[in-house]
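I have placed the structure first, in the form of structure tokens, so that the comments after it can refer back to it.
Computed from a predicted structure; not experimentally measured.
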Amino acid sequence: MRVAVYTLFLLWSNMIFGQSLNAVSHSNTCGIYATLVNPASAAGGIDKLNVNLAGFGVTAHNNVLRSDLRFSMMELASFKAPRRDQSEFRSPYVTSPRRRIWRPNLFVNLDAVQFAARFSISKKWSVFSFIRERTFGNLSNLDYNAISFLSQNDEPYPDKDLTLKLDGSFLSYKEIGFGSAFEIYDKREHYWKIGGTCKKLNGRAIYALNMPQFKSSILENGFRIQSKVNIIETSLKFLTQDPKEVILRPDIGRGNAFDIGIVYEHRPRSKKSTFRKNNPRLKSSQFNARDLLKYDYRVSLSVLDIGGLSFNSSAVTQTTYTLDVEQTVEDYLESEYTSIFELLEDSINKQQERQHFRVSLPSTLNLMYDQSLEKGYFISLQYVQGLSRKNQMSNYIPSHALVQPRKETKRCTFGLPILLMPATRTYILGANLKAGPFFIGTNNISTILFRKFYNPSFYAGIQFSLRYKQGPTIENYRSFRTKRKTVYPWSPM
């Protein structure tokens, strides 16, 4: 019984993949990824065209389990395990921390950006579109004593009765978004822009688990097990449908959502126009320096994922399992059951029905501040506030903050993100690098270097950008070139 419950728990923990690409979106060279955090970022950028081919991220956020690997990821990549002729992993893959965790939490967020493009129609107006796969999941209301008992065979359970509660949810869907951003104010040193995104949602899968009660008691002459489990799941036949039907005729579910954002930039006159004396009213397009960054600090505010998904009754099944069995040792030995699992299976009361199900997306409020330092150095601060309620079967994103100093050049960008998540007591340091069209990074350096870590993380992608060409200077602009005349020796000049 202990092994079976722990196996079920590991199946949930192994599904904890994904991390939104927030750390990449801080850079001025990230292209389409900035619009995923704030749609208004599409206008007034330094790129005329940006095309994303692929981008993904995987990670885990939890304060319950840590890895227990024989080799680190760096050692596996260097083929240290095959050279030593040893197995790469040992059981268990994860262990619980030694100190007690009062509020165990596990969080899932998978983000895979497929083809996406952003195009600047004019200086004040930009449009963009993207196709995106997203997955959210949460596990909460866990009991640390039960987790420690199930994950470690030599861990004694402190109580006489084994009790376990669990609330979990898993949501996967495809997102097709169309958005636009435009400038609304540009005078003196103040610059404002606003943007929005309309998204069509096609459901992929949904799974929700609510276990309000599970109690296993050892009696003087037997045992008693009480349990109640509510499960909402997607039929397996819809998971193998044609990809074209998922986009055009989604049978699982449909929905709509939208994002809205606003950005303010303080643009000093020294950066706003390099040649303001020659272009006092900014009417000339030759001295606007569109290929250069013009702000010394920037503040942005956005609200994301406002909407929901409606799943069809033919695709979603809701099942309720109830169990209340008390058995003595004598009765169990005299029965025809060969194992205790057969006894529990016959004692379960099952109620199943198909029904229409509506789920809200995990909406968030994003506030970001970006400060431009000297010689291409920047430091940014992002705070994400979850707006969804933490119900039994709801999806939500826990509030967290991200601080990232970075260095930007025309061909390369390097950042060191620091993630702070109070819900899981996560304080981790990462690193990311963008060189040309490629970017790669992690939100947790210990993922690569160490064998025991809490939150593994990795993300990478490829995108191409067409930057605005460099504007003319006063030395090479045709209107200011000195007209040289050929002087002959016999000339009186």
Side-chain angles (χ1 to χ4, degrees), residues 18-45 47 49-59 108-120 126-136 171-181 193-202 256-263 298 300-307 361-368 370 380 382-387 395 397 400 402 404 413 415 417 419 432 434 439 441 443 457 459-465:
Q19 163 69 13
S20 57
L21 302 168
N22 285 350
V24 183
S25 63
H26 290 204
S27 171
N28 294 291
T29 60
C30 64
I32 192 67
Y33 292 95
T35 63
L36 303 181
V37 178
N38 194 319
S41 303
D47 296 331
L49 176 65
N50 178 263
V51 177
N52 178 80
L53 299 183
F56 70 95
V58 292
T59 194
V108 183
N109 182 9
L110 170 67
D111 203 343
V113 181
Q114 301 173 358
F115 182 80
R118 190 193 71 179
F119 178 70
S120 297
S126 298
V127 294
F128 57 90
S129 178
F130 57 84
I131 301 177
R132 190 179 182 188
E133 292 282 353
R134 306 187 70 182
T135 299
F136 296 98
L171 175 65
S172 178
Y173 61 92
K174 178 182 284 290
E175 196 174 79
I176 305 175
F178 300 91
S180 178
K193 52 185 177 180
I194 192 172
T197 307
C198 294
K199 299 183 289 188
K200 178 184 178 182
L201 311 178
N202 297 334
N256 296 283
F258 66 93
D259 305 336
I260 188 171
I262 187 170
V263 176
R298 176 173 60 195
S300 62
L301 178 67
S302 63
V303 181
L304 307 179
D305 299 321
I306 305 174
L361 298 184
S363 305
T364 57
L365 174 68
N366 291 259
L367 179 63
M368 183 183 296
D370 190 18
S380 57
Q382 181 186 11
Y383 176 73
V384 179
Q385 174 65 48
L387 301 179
N395 295 101
I397 295 179
H400 60 276
L402 184 65
Q404 180 174 209
T413 299
L419 180 64
N432 56 67
K434 184 179 185 299
F439 70 87
N443 284 349
S457 171
Y459 50 87
I462 178 172
Q463 60 171 342
F464 296 90
S465 300

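- Partners of Asn50 under the side-chain hydrogen bond (donor to acceptor under 3.5 Å, both in side chains) rule, at least two apart in sequence or in another chain, are Gln463, Ser465.
- Annotation: the span from His400 atom NE2 to Gln382 atom CD amounts to 6.0 Å, rounded to 0.5 Å.
- Nearest heavy atoms, Ser180 versus Ser126: OG-O, 3.1 Å.
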- Could you walk me through whether Arg134 and Asp305 pass the side chain to side chain contact (heavy atoms under 4.5 Å, CB included) test, one step at a time? CA-CA 11 Å; Arg134 306 187 70 182; Asp305 299 321; 2.8 Å; yes

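- If you take CE on Met368 and OG on Ser25, they are separated by 4.5 Å, rounding to the nearest 0.5 Å.
- Donor-acceptor pairing under 3.5 Å is lacking for the side chains of Ser41 and Thr35.
- Across all non-hydrogen atoms, the minimal contact from Ala40 to Gly261 is CB-O, 3.6 Å.
- Summarising the geometry of Arg118 relative to Gly31, their closest heavy-atom pair is NH1-O, 3.7 Å, with the distance given to 0.1 Å.
- Pairing each heavy atom of Ala42 with each of Phe128, the nearest pair is CB-CD2, 3.7 Å.
- With contacts defined as side-chain heavy-atom distances shorter than 4.5 Å, the pair Tyr459/Asn443 qualifies.
- Partners of Thr197 under the side-chain hydrogen bond (donor to acceptor under 3.5 Å, both in side chains) rule, at least two apart in sequence or in another chain, do not exist in this structure.
- In this structure, the separation between CD on Glu175 and CD1 on Ile131 is 11.0 Å, given to the nearest 0.5 Å.
- Under the 4.5 Å side-chain criterion, counting only non-hydrogen atoms from C-beta, Val384 is not in contact with Leu402.
- Atom-to-atom distance recorded for Gln404:CD and Asn432:CG is 5.0 Å, nearest 0.5 angstrom.
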- Message: Between Val51 and Phe115, does the side chain to side chain contact (heavy atoms under 4.5 Å, CB included) criterion hold? Intermediate values first, please.
- Response: CA-CA 8 Å; Val51 177; Phe115 182 80; 3.7 Å; yes

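- In this structure, Ala116 and Phe130 approach most closely via the heavy-atom pair CB-CB, 3.5 Å.
- Not counting sequence neighbours, the partners of Asp259 by the salt bridge (charged side-chain N to carboxylate O under 4.0 Å, His left out) test are Lys199.
- Scored by the ring-ring contact (aromatic ring centres under 6.0 Å, His included) test, Tyr33 finds Phe439 as partners (sequence neighbours excluded).
- Not counting sequence neighbours, Lys434 has no partner by the salt bridge (charged side-chain N to carboxylate O under 4.0 Å, His left out) test.
- A donor-acceptor pair under 3.5 Å links the side-chain atoms of Ser129 to the main chain of Gly177, judged by distance alone.
- For the atom pair Ile262 CD1 and Leu301 CG, the distance stands at 8.0 Å (nearest 0.5 Å).
- Minimum interatomic distance between Leu387 and Val303 (heavy atoms only, all atoms of both residues): CD1-CG1, 4.2 Å.
- The CD atom of Gln114 sits 11.5 Å away from atom CG of Leu53, with the distance rounded to the nearest 0.5 Å.
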- Go through the steps for Asp111 and Arg132 under the test side chain to side chain contact (heavy atoms under 4.5 Å, CB included), then give the verdict. CA-CA 7 Å; Asp111 203 343; Arg132 190 179 182 188; 2.5 Å; yes

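- Shown here are the side-chain hydrogen bond (donor to acceptor under 3.5 Å, both in side chains) partners of Ser302, two or more places apart in sequence or in another chain: there are none.
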